[in-house]
Amino acid sequence: MTAAADLVLTNGEVHTLTDPDETYDAVAVRDGRIVRVDSDYEIDFLNGVETREIDLDGRVLLPGFVDAHVHMETVGRHRLRADLRDATSPSDAVDILRDSDSDDDWILGFGFDESTWAESRYLTRDDLDQVSTERPVVAFREDLHTAALNGVALSRLRDDLPDGDVQTENGDPTGVVVEDAAEVVREAVEPGPAETAELLVAAQRDAHETGVTSVHDMVRRSHAPRIYRELDASGDLRLRVRLNYWSDHLDAAREVGLRTNHGSEFVRTGAIKTFTDGSLGGRTAKLSDEYADGDGSGQWVVPPQELRDIVPEADDAGFQLAVHAIGDEAIEETIDALAGTDDPAGARHRIEHLELATDDQIERMADLGLVASMQPNFLKWSREGGLYDSRLGPERRDENNRFPAYLDAGVPLAFSSDSMPIDPLFGVHQTVNPPEDTQELSVTEALRAYTSGAAYAGFDEGRLGTIEVGKKADFAVLDESPWENPASIADIDVTHTIVDGEAVYEA
């Protein structure tokens with residue numbers, strides 16, 4: 001006699017997202033794994049006295065979303081600190097900061113995006129002095145590559161800020177800092193263990209509310225690895241986490257015996273993360289041509305020779321590499337560095353963002369087996385009159401984030417949010433309804449990049465990413481079908497999130 005299921009989800013539209021995608025009525029789960037995908041009639045035989053049944057009432061069941069590049073502490077800060085993502089102007093951002101309820105020494109805001117404002121400029125020292133002239137105030141741009149400081153914060157940190165990354169006007173700091181100087185600011189406001197736990201628990205709630213069941217968290221000089229493991233040990237971690245450590249952790253990671261894919265069911269070691277260039281928003285992504293709206297062609301955050309030193313060291317120590325590269329010049333240097341490793345495809349070395357890759361670079365990635373880890377939500381800046389229009393000009397704007405070119409070339413494509421925002425359906429909506437045809441994916445292609453594609457980037461295709469017998473029971477339930485509502489995917493609600501066969505979120 002077949003053992004009863006622990007959980008059955010029936011009366012739904014179950015998409016396996018295999019190739020080809022197959023559709024069923026129901027799925028049965030036992031001990032956290034899928035034991036059957038079939039019709040309602042057949043699944044009913046697995047109902048037992050203690051089986052929990054969720055009637056999907058015609059809703060769509062998908063594999064749980066895998067966010068392949070995210071900063072979970074930042075996600076938590078959007079929920080628990082001053083959230084500047086919806087600010088409509090500099091003065092609105094100032095009001096949000098002024099009204100933020102915080103007993104901390106620092107007044108912190110996260111996520112402003114000046115490209116959406118009529119007065120399209122960064123926040124400055126003068127703006128933030130309106131918040132407080134007694135306490136340090138910092139506002140981080142959405143990409144975290146740029147920050148604005150008030151006078152108190154500048155005075156407190158000025159000796160540690162590299163001059164080249166501190167913007168000035170007539171010799172005086174404007175309060176705007178980028179790249180290495182922004183990193184100094186991030187380190188100064190890093191939370192302690194208790195606050196980190198608070199932020200990660202809040203971020204886990206956000207992830208579950210958007211159907212995310214697994215994340216690749218980019219961590220640096222953070223208590224997050226410790227907190228994740230403590231949450232795992234106590235049974236409070238209901239999110240699968242891959243920890244991608246910054247390259248300045250490489251020696252420590254090697255010394256304690258970490259390797260890519262080591263860990264538990266819920267916390268595993270991922271890649272060694274490093275930079276090459278900065279961001280388009282900060283005009284620090286390294287381009288082969290100058291920016292359309294400013295002098296220069298960007299800057300190296302990690303110079304090419306330093307990257308060539310890091311890559312073989314991490315590869316030899318048994319680590320996957322995840323290299324941030326946005327501009328075409330940075331991408332070229334990254335491919336050159338990764339090409340020198342023994343088995344780029346077997347190591348699944350990744351390039352993060354890849355916004356301005358050329359056709360030749362995409363073909364080289366395919367030949368080497370490199371993974372493209374990209375963010376479809378960045379297309380929100382690619383529309384006419386948007387941030388990329390001003391930074392790159394109309395012609396180059398059309399050349400960014402050409403997702404179909406990667407699939408056509410056979411490059412493994414993994415989608416993620418970079419926390420801007422953590423919402424897979426928002427990203428899927430952008431590439432199903434893009435500014436340019438060269439950026440358009442079908443609903444199925446986009447969902448696969450956020451499930452099986454992202455799982456592959458984390459060596460997890462054997463347990464995650466599709467709905468098949470034997471795989472982990474991680475699911476997202478959508479209130480409406482993205483196939484039937486392609487023009488409004490971003491508005492579709494997640495009604496249930498299932499992790500390891502347990503409902504962790506029910507709307």
Side-chain angles (χ1 to χ4, degrees), residues 67 70-85 96-111 131-132 134-140 142 144 147 149-150 152-153 156-157 160 182-210 212-246 248-249 252-253 256 258 263-270 273 417-419 421-422 497 499 504-505:
D67 193 323
V70 68
H71 303 269
M72 291 297 280
E73 287 180 59
T74 300
V75 174
R77 280 168 153 166
H78 286 151
R79 181 182 278 258
L80 300 180
R81 303 294 177 259
D83 187 352
L84 303 179
R85 290 176 297 177
I96 293 170
L97 284 161
R98 189 185 289 124
D99 294 340
S100 62
D101 182 18
S102 172
D103 295 328
D104 300 333
D105 178 25
W106 294 78
I107 300 174
L108 303 176
F110 294 86
V131 178
S132 178
E134 299 176 354
R135 296 167 62 188
V137 182
V138 176
F140 288 96
E142 190 171 19
L144 296 178
L149 287 69
N150 74 340
V152 177
R156 187 173 294 191
L157 300 177
D160 298 321
E183 175 60 26
V184 170
V185 180
R186 290 196 294 270
E187 291 177 18
V189 300
E190 275 297 327
E195 184 182 356
T196 299
E198 179 186 27
L199 294 172
L200 293 181
V201 168
Q204 179 174 249
R205 288 198 299 272
D206 269 15
H208 289 159
E209 289 174 8
T210 57
V212 173
T213 58
S214 177
V215 296
H216 301 179
D217 196 357
M218 306 293 170
V219 296
R220 186 179 193 183
R221 298 170 192 164
S222 165
H223 297 285
R226 164 189 163 183
I227 300 303
Y228 279 129
R229 292 187 176 99
E230 290 177 353
L231 291 171
D232 188 17
S234 66
D236 294 319
L237 184 63
R238 309 308 299 154
L239 190 68
R240 302 186 198 279
V241 179
R242 285 181 69 84
L243 294 167
N244 289 349
Y245 294 94
W246 245 257
D248 47 13
H249 297 314
V256 300
L258 295 181
S264 70
E265 186 66 47
F266 278 88
V267 182
R268 295 187 179 182
T269 299
K273 164 80 186 303
S417 70
D418 203 8
S419 313
I422 183 169
T497 301
V499 176
V504 296
Y505 170 71

Please check if the side chain of [X] supplies one atom and the backbone of [Y] the other of a donor-acceptor pair under 3.5 Å.
X      : Y      : result
Asp67  : Ser417 : yes
Asn150 : Arg135 : yes
His208 : Arg238 : yes
Asp217 : Val219 : no

In Å, rounded to the nearest 0.5 Å, how long is the span from [atom1] of [X] to [atom2] of [Y]?
X      : Y      : atom1 : atom2 : value
Glu190 : Thr196 : CD    : OG1   : 7.0 Å
Arg79  : Asp206 : CZ    : CG    : 4.0 Å
Met218 : Arg242 : CE    : CZ    : 10.0 Å
Glu142 : Ser419 : CD    : OG    : 9.0 Å
Tyr228 : Asp236 : OH    : CG    : 14.0 Å
Leu108 : Leu80  : CG    : CG    : 12.0 Å

Using every non-hydrogen atom in the two residues, find where [X] and [Y] come nearest and quote the distance to one decimal.
X      : Y      : result
Ala182 : Phe140 : O-CE2, 4.4 Å
Asn244 : Gly270 : OD1-CA, 3.3 Å
Val138 : Leu97  : O-CD2, 4.4 Å
Val131 : Val137 : CG1-CG2, 4.0 Å
Ala224 : Ser222 : N-OG, 2.9 Å
Ser100 : Ile107 : OG-CG2, 3.8 Å

Check whether any side-chain heavy atom of [X] lies under 4.5 Å from a side-chain heavy atom of [Y], and answer yes or no.
X      : Y      : value
Glu209 : Thr497 : no
Pro136 : Leu149 : no
Ile227 : Met72  : no
Leu231 : Val201 : yes

Dump the intermediate steps for salt bridge (charged side-chain N to carboxylate O under 4.0 Å, His left out) on Glu73 and Arg186, then the final yes or no. CA-CA 12 Å; Glu73 287 180 59; Arg186 290 196 294 270; over 6 Å; no

How are the rings of His78 and Phe110 set to each other: parallel, tilted or perpendicular (split at 30° and 60°)?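 Plane angle over 60°, so perpendicular.
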
Would you please test Thr213 and Arg240 for side chain to side chain contact (heavy atoms under 4.5 Å, CB included) and show each step? CA-CA 6 Å; Thr213 58; Arg240 302 186 198 279; over 6 Å; no

CA sep, side-chain torsions, deciding dist, call: Leu243, Thr269, side chain to side chain contact (heavy atoms under 4.5 Å, CB included): CA-CA 5 Å; Leu243 294 167; Thr269 299; 5.7 Å; no

Any chance you could lay out the side chain to side chain contact (heavy atoms under 4.5 Å, CB included) test for Leu258 and Tyr245, step after step, and finish with the verdict? CA-CA 11 Å; Leu258 295 181; Tyr245 294 94; 3.9 Å; yes

Assess the residue pair Val152 and Ser132 against the criterion (side chain to side chain contact (heavy atoms under 4.5 Å, CB included)); give the C-alpha distance rounded to whole Å, side-chain angles, the decisive distance to 0.1 Å, and a yes or no. CA-CA 8 Å; Val152 177; Ser132 178; 6.0 Å; no

